[in-house]
Amino acid sequence: MTRTTSLAAPVRPRRRRRALSARLVRARLLAAAPITVVVSMVTFWLASLSPFDPLAAYLGSRFEKTSGAQRKILAEQLGVDESWIAVWGRWAGDVLLHWDWGQSRSMSRPVSEVLAERLPYTLLLAGTGLLIAVVLSLLLGVRAAWRPGSWTDRFATGLAYSMQGIPPFVVGLLAISVFSIGMGLPAGGVANGGADPTATSIATHLILPASVLGLSQVPWLLLNVRSSVIAALAEDHVTAARSRGLPDRTVVWKHALPAALLPFVTVIGVRLPELVSGALLVETVFSWPGLASATVGAAVDGDFPLLAAVTTVTCLVVLIGSALADAVYLLVDPRIDDV
């Protein structure tokens, strides 16, 4: 009986943390619904204040040749003469009841097709950029904390503070001038010369934009890792590991770093909105076929359905990612007993 109790004791906290993580995700998902509704409403309201005439954008060069009566009829057909709240209500009803995101006027295609085509590219760019940022931050941050004041520490902190004040699109332009013009790396699109994209061409064209996006996220992650590892190195269990004669590398990577990863996970969740906005800027610079160009075109043309869909999906991605980051924190931190 005693043996069974000793083995089952650590299982209960793990199960409790899993239950707390699942409860947190459910609560965040429930909160995400009203937040997304408000965001979509604000999107329609702001789009209605745009100085661009959606009817003029739809007609193009034919706008001047179209009579006032024809413009009025066309505006009624397209729904651009209605109030923004009426347009939003009809759009929200179609999405909730029929999963119909509407028709994009700027692209003359269903919004669902635009999202299905472009969202994977945005997720690929954001995910790869985040992976690059995490790897660089862990490698440089741990080395900097391991030897404070060393040349690695000075280089890492100098890089972080320098990159904090440089917008991603500026880094992108510099990368194009150095690595694309100077070294021949592809700097636009996902394939050469209008050819159909392949896995190889997408991977090759992903190098520069993903690297730029990753570097734009490095400062906050790197500085967090450095400070967390320095604090972890002063904890009692790390001091005890050193007193047992363990090598410094083992002490840092196997004892100090696991404790430092807990706040690091939280910082990743907090940085997700910045990651998404940075991805949109990088997409524009490198002509990446994601949601950025669709967002810009929808805003200029007053394309309410597409603009609302892109904003809503982006909001949901950020909210879900942040909830998952906090859930992982609860799951891996053995010190948390309740929320």
Side-chain angles (χ1 to χ4, degrees), residues 123-168 170-172 174-175 178-179 183 185 203-235 237-239 241-242 246-279 281-282 286 321-322 324-326 328-329 331-333:
L123 294 178
L124 175 62
L125 175 61
T128 307
L130 180 61
L131 178 63
I132 292 174
V134 168
V135 172
L136 285 178
S137 300
L138 289 176
L139 292 177
L140 292 177
V142 171
R143 291 291 299 182
W146 189 357
R147 297 283 188 270
S150 64
W151 70 267
T152 305
D153 184 24
R154 292 194 295 269
F155 170 77
T157 53
L159 174 66
Y161 287 122
S162 299
M163 292 299 298
Q164 274 184 337
I166 304 178
V170 175
V171 181
L174 292 174
V178 174
F179 296 101
M183 302 177 60
L185 282 176
T204 304
H205 287 73
L206 181 64
I207 294 175
L208 278 185
S211 299
V212 170
L213 181 60
L215 283 175
S216 70
Q217 300 303 311
V218 161
W220 297 268
L221 300 180
L222 189 154
L223 294 175
N224 177 269
V225 171
R226 180 183 180 275
S227 60
S228 298
V229 172
I230 289 177
L233 287 173
E235 294 184 0
H237 74 282
V238 178
T239 304
R242 277 179 168 167
L246 295 178
D248 285 347
R249 183 180 298 274
T250 302
V251 172
V252 171
W253 288 98
K254 293 187 177 182
H255 293 271
L257 181 59
L261 287 179
L262 295 176
F264 183 68
V265 171
T266 302
V267 172
I268 291 177
V270 172
R271 297 300 305 173
L272 283 178
E274 182 69 22
L275 177 70
V276 172
S277 61
L281 290 175
V282 171
F286 289 95
S322 178
L324 291 177
D326 290 342
V328 170
Y329 188 99
L331 192 62
V332 300
D333 191 352

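Model, not experiment: these values are computed from the prediction.
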Q) If you measure from CG on Leu159 to CG on Leu136, what distance do you get to the nearest 0.5 Å? A) 8.5 Å

Q) Taking side chain as C-beta onward, heavy atoms only, is Leu223 less than 4.5 Å from Tyr161? A) yes

**Q.** Val267, Ile230, Val142 screened by side-chain contact (heavy atoms from CB on, under 4.5 Å) with Val225, the one that passes
**A.** Val142

**Q.** Minimum-distance pair of heavy atoms, taken over all atoms of Pro219 and Ala160
**A.** CB-O, 3.2 Å

Q. What pair of heavy atoms forms the shortest contact from Leu233 to Thr239, and how long is it?
A. O-OG1, 4.2 Å

Q: Find the distance between CZ (Arg249) and NZ (Lys254) and round it off to the nearest 0.5 Å.
A: 11.0 Å

Q: Grab the two heavy atoms, one from Val282 and one from Pro168, that are nearest each other, plus how far apart they are.
A: CG2-CB, 4.1 Å

Q. Do Val252 and Leu257 come close enough that some side-chain heavy atom pair is under 4.5 Å?
A. no

Q: State, to 0.1 Å, how close Val218 and Ala133 come at their nearest heavy-atom pair, and which atoms those are.
A: CG2-CA, 4.0 Å

(Q) Show the nearest heavy-atom pair for residues Phe264 and Asn224, with the distance to one decimal. (A) CA-OD1, 3.4 Å

Q: Taking all non-hydrogen atoms of both residues into account, name the closest pair between Ala279 and Leu213 and its distance.
A: N-CD1, 3.5 Å

**Q.** Ile268 CD1 to Ser322 OG distance, which is reported to the nearest 0.5 Å
**A.** 11.5 Å

Q. Quick one: are Val212 and Phe286 in side-chain contact, heavy atoms under 4.5 Å?
A. yes

Q: Any chance you could measure Leu125, atom CG, to Leu130, atom CG, to the nearest 0.5 Å?
A: 11.0 Å

Q) Rounded to the nearest 0.5 Å, how far apart are CG of Leu185 and CD1 of Ile207? A) 6.0 Å

Q) OG1/Thr152 to CG/Leu139 distance, rounded to the nearest 0.5 angstrom? A) 11.5 Å

Q. Could you go step by step and tell me if Thr157 and Arg226 meet the side chain to side chain contact (heavy atoms under 4.5 Å, CB included) rule?
A. CA-CA 9 Å; Thr157 53; Arg226 180 183 180 275; 3.6 Å; yes

Q. Does Asp153 offer a backbone N or O that forms a donor-acceptor pair with the side chain of Arg143 under 3.5 Å?
A. no

(Q) Is it the case that the side chain of Ser137 and the backbone of Val134 share a donor-acceptor pair, with hydrogens and angles ignored and the cut-off at 3.5 Å? (A) no

